[in-house]
Amino acid sequence: MKRKLKFNEAGRSMIEAIGYISVMITITVAAAAAVNSGYYKFRLSRINQQLTDLKKVVSQRYVAAEDYKEVDMQTLIDEKIMPWSLRNGTHAFNGDAKIGPYPEDTGLTYYIEFDNVPRDACIELGLRVWLVNDGSDLDAMKINNKTWAWKFSNSVDNAAYELPAKTSDVGKECTDEYDNTLTWYFN
């Protein structure tokens, strides 16, 4: 005689398993979004600091020079005074960071330029309060194709806007989601 064994089902149903997996996916996606948001905010803070650091290094290095004709990235790298985070010529969002004399022939001022800046960072950098930051020597600022300058600035012709920049104007100019170019002119 064959013996019949009775087995009780003790496992989970397919619906419960799918529900469990769905909850785990939702938690994972939320955690990844939080980490990504935190990293983006870090990079936003970092690009602001890189601009400040580069401005200070150039100003200190060339303080005794007659003009800014000799300003260039390679000199700062060779003299080992380039901010560490900019040593490879890229800013926090992996766009190019450039410096040089402006205008190139006279070097009365110098410029710092960041390419490939995301829209949020473009707006934040464009709205930066230069009156408060280190006793600014900002003369003008350019976002993509529009220029802001102080009312009595002589270094940049045909400024579209006056400094300090207004939120609505900066928002109009920082149009590209990932590819904005900002240039600051200092004296």
So with a 6.0 Å cut-off around [atom1] of [X], is the heavy-atom count from everything else above 12?
X	atom1	answer
Y40	OH	yes
E66	CD	no
N145	CG	no

Taking the side chain as C-beta and beyond, is there a heavy-atom pair between [X] and [Y] under 4.5 Å?
X	Y	answer
I47	F93	yes
V58	L76	yes
C122	F114	no
T167	L127	yes
Y178	R119	no
W184	E113	no
I112	K98	no

Spell out, as yes or no, whether a donor-acceptor pair under 3.5 Å connects the side chain of [X] to the backbone of [Y].
X	Y	result
Y62	E70	yes
Q60	V57	no
N144	E173	yes
N180	V117	yes
W150	P164	no
T26	S22	yes
R128	N48	yes

Between D137 and K55, does at least one N-O distance fall below 4.0 Å, as a salt bridge requires? yes
Does K146 come within less than 4.0 Å of D169, counting only side-chain N to carboxylate O? no
Y102-T183 side chain donor-acceptor pair, cut-off 3.5 Å: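 There is no such pair between these side chains.
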Residues S85 and R46: side-chain donor-acceptor under 3.5 angstrom: yes
What verdict does the side-chain hydrogen bond (donor to acceptor under 3.5 Å, both in side chains) test give for Y68 and T106, after you've listed the backbone C-alpha separation in whole Å, the side-chain angles of each residue and the deciding distance to 0.1 Å? CA-CA 8 Å; Y68 294 103; T106 62; over 6 Å; no
Can you name the nearest heavy-atom pair linking P101 to V71, along with the distance? CD-O, 3.4 Å
Check M141 against A165 and note the closest heavy-atom contact, atom names and distance. CE-CB, 3.9 Å
